[in-house]
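Only one structure is covered here, and it is reproduced in the block below.
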Amino acid sequence: MQPSLSLNLTRPAGGSAPGLIIEQEKYGRTDGYLSRAGMHRILWALLRDEQPEEPDCFLGGKTFINVYRYDLALQYQLFASRGELGERIVQDDLFTEKIKFAFEQEKPLQYPCFGLVAVEFFGDRAWDHTAQQIAPPDLTASATAVRAAGKIYGTAAVSYRIHRDRYSLALSERVEAQENKYSSVVYAIHKGGPTWERITAPPGLEETGQQCFGGGGGQLNPVPPEDEKPPPTAPHRDARVVRDYCSQEITLDTSK
């Protein structure tokens, strides 16, 4: 029996801001399924008695991972329990989220903030802690939250700068697994870590894998290799075979 590696991962405890956030990008509606264009290419190849290209059949087995650091000086190493991580792509972007104050002074932000850009209160209205309407107040931002001068009620669209490291993750199949064949965990080792995130497969990926490469879902490529082609069959018509009674030699055979 081969030795196994056991990983016990825990999320950082609450309190101060975590060192980083790991996020899996959301899938599109068609991710993991054979695309219509891919299906057309396969069917066209089959109609011409050609071997379909397998890569067209498996475009969905990839996802993307974002890492957000609260301190860009923080060093980390990213690993995946299964699958192959691509190179890091550094991205700076502007992110806008809806923040609702319910007689609160401070609200957390979804991502680490590297500078507040704009604040727009819905309806250009806000209320103070006594429920009196006031002019939309100015907000300040830290790395983790936005803050008003006092407790307020109102909803604002808050735009701020973010920084992320983006990685592709090519998911590989666990052949030995009966279900969740493409499960994986991505974890970052850093000071105060590790931080981890469980990765989900694109919808339809397992079904697509069965259809493309054989299995319970059928097989899109029914053309067998040259050495496995079925023997030729006789035409669908009546055949007559005449044998000599004594020698059993065939003197007439219309089946060929």
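Computed from a predicted model, the values in this text were never measured in an experiment.
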Side-chain polar contacts of residues 95-103 - donor-acceptor pairs under 3.5 angstrom, sequence neighbours left out - could you list them?
{"residue": "Thr96", "atom": "OG1", "partner": "Ser159", "partner atom": "OG", "Å": "2.6"}
{"residue": "Glu97", "atom": "OE2", "partner": "Gln110", "partner atom": "N", "Å": "2.8"}
{"residue": "Glu97", "atom": "OE2", "partner": "Tyr160", "partner atom": "OH", "Å": "2.6"}

Which pair of heavy atoms, one from [X] and one from [Y], lies closest together, and at what distance?
| X | Y | value |
| --- | --- | --- |
| Ser184 | Leu171 | CB-CD2, 4.3 Å |
| Val119 | Ala156 | CG1-CB, 4.1 Å |
| Pro136 | Phe121 | CB-CD1, 3.6 Å |
| Glu23 | Tyr68 | OE1-OH, 3.2 Å |
| Ala80 | Leu85 | N-CD1, 3.9 Å |

Kindly compute the distance separating [atom1] ([X]) from [atom2] ([Y]), expressed to the nearest 0.5 Å.
| X | Y | atom1 | atom2 | value |
| --- | --- | --- | --- | --- |
| Ile22 | Tyr167 | CD1 | OH | 9.5 Å |
| Gln105 | Leu139 | CD | CG | 10.5 Å |
| His163 | Asp92 | NE2 | CG | 5.5 Å |
| Glu120 | Thr155 | CD | OG1 | 12.5 Å |

With sequence neighbours left out, what residues match Ile134 under side chain to side chain contact (heavy atoms under 4.5 Å, CB included)?
->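 Scan of Ile134 (side chain to side chain contact (heavy atoms under 4.5 Å, CB included), adjacent residues dropped) gives Ala126, Asp128, Ile152.
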With sequence neighbours left out, write down each residue that passes side chain to side chain contact (heavy atoms under 4.5 Å, CB included) with Gln91, or none if nothing qualifies.
->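 Here the qualifying residues are Ile89, Arg164, Arg166.
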Does atom CD of Gln133 have more than 12 heavy-atom neighbours from other groups under 6.0 Å away?
->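 Enclosed.
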Take atom NZ in Lys107; do more than 12 heavy atoms of anything else shown fall under 6.0 Å from it?
->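 More than 12 within 6.0 Å, yes.
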Taking a hydrophobic cluster as the set of Ile, Leu, Val, Met, Phe, Trp and Tyr residues connected by side-chain heavy atoms closer than 4.5 Å, whether directly or through intermediates, do [X] and [Y] fall within one such cluster?
| X | Y | result |
| --- | --- | --- |
| Tyr70 | Leu116 | yes |
| Ile21 | Leu94 | no |
| Val185 | Ile189 | yes |

Is the backbone of His190 close enough, under 3.5 Å, to the side chain of Gln75 for a donor and an acceptor to pair up by distance?
->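 Checking the backbone N and O of His190 against the side chain of Gln75, no donor-acceptor pair under 3.5 Å is found.
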Check whether any side-chain N or O of Thr195 sits under 3.5 Å from a backbone N or O of Ala188 as a donor-acceptor pair, and report yes or no.
->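 Looks like no, no N/O pair under 3.5 Å.
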Go through the side-chain N and O atoms of Thr63 and Gln24 and say whether any donor and acceptor fall under 3.5 Å apart.
->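 Thr63 vs Gln24: donor-acceptor pair found between side chains.
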Could I get the full list of ring-ring contact (aromatic ring centres under 6.0 Å, His included) partners for Phe114, not counting sequence neighbours?
->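 For Phe114, no residue satisfies ring-ring contact (aromatic ring centres under 6.0 Å, His included) once neighbours in sequence are set aside.
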Name all residues meeting the ring-ring contact (aromatic ring centres under 6.0 Å, His included) criterion together with Phe79; count only those two or more places apart in sequence or in a different chain, and write none if there are none.
->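 Here the qualifying residues are Tyr187.
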Would you say [X] and [Y] make side-chain contact, with heavy atoms under 4.5 Å?
| X | Y | result |
| --- | --- | --- |
| Val117 | Val158 | no |
| Asp165 | Arg69 | yes |
| Tyr76 | Leu20 | yes |
| Thr144 | Leu109 | no |

Please list, chain by chain and in numerical order, all residues satisfying salt bridge (Lys or Arg N to Asp or Glu O under 4.0 Å) with Arg147, sequence neighbours excluded.
->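 Once residues adjacent in sequence are excluded, the partners of Arg147 under the salt bridge (Lys or Arg N to Asp or Glu O under 4.0 Å) criterion are Glu106.
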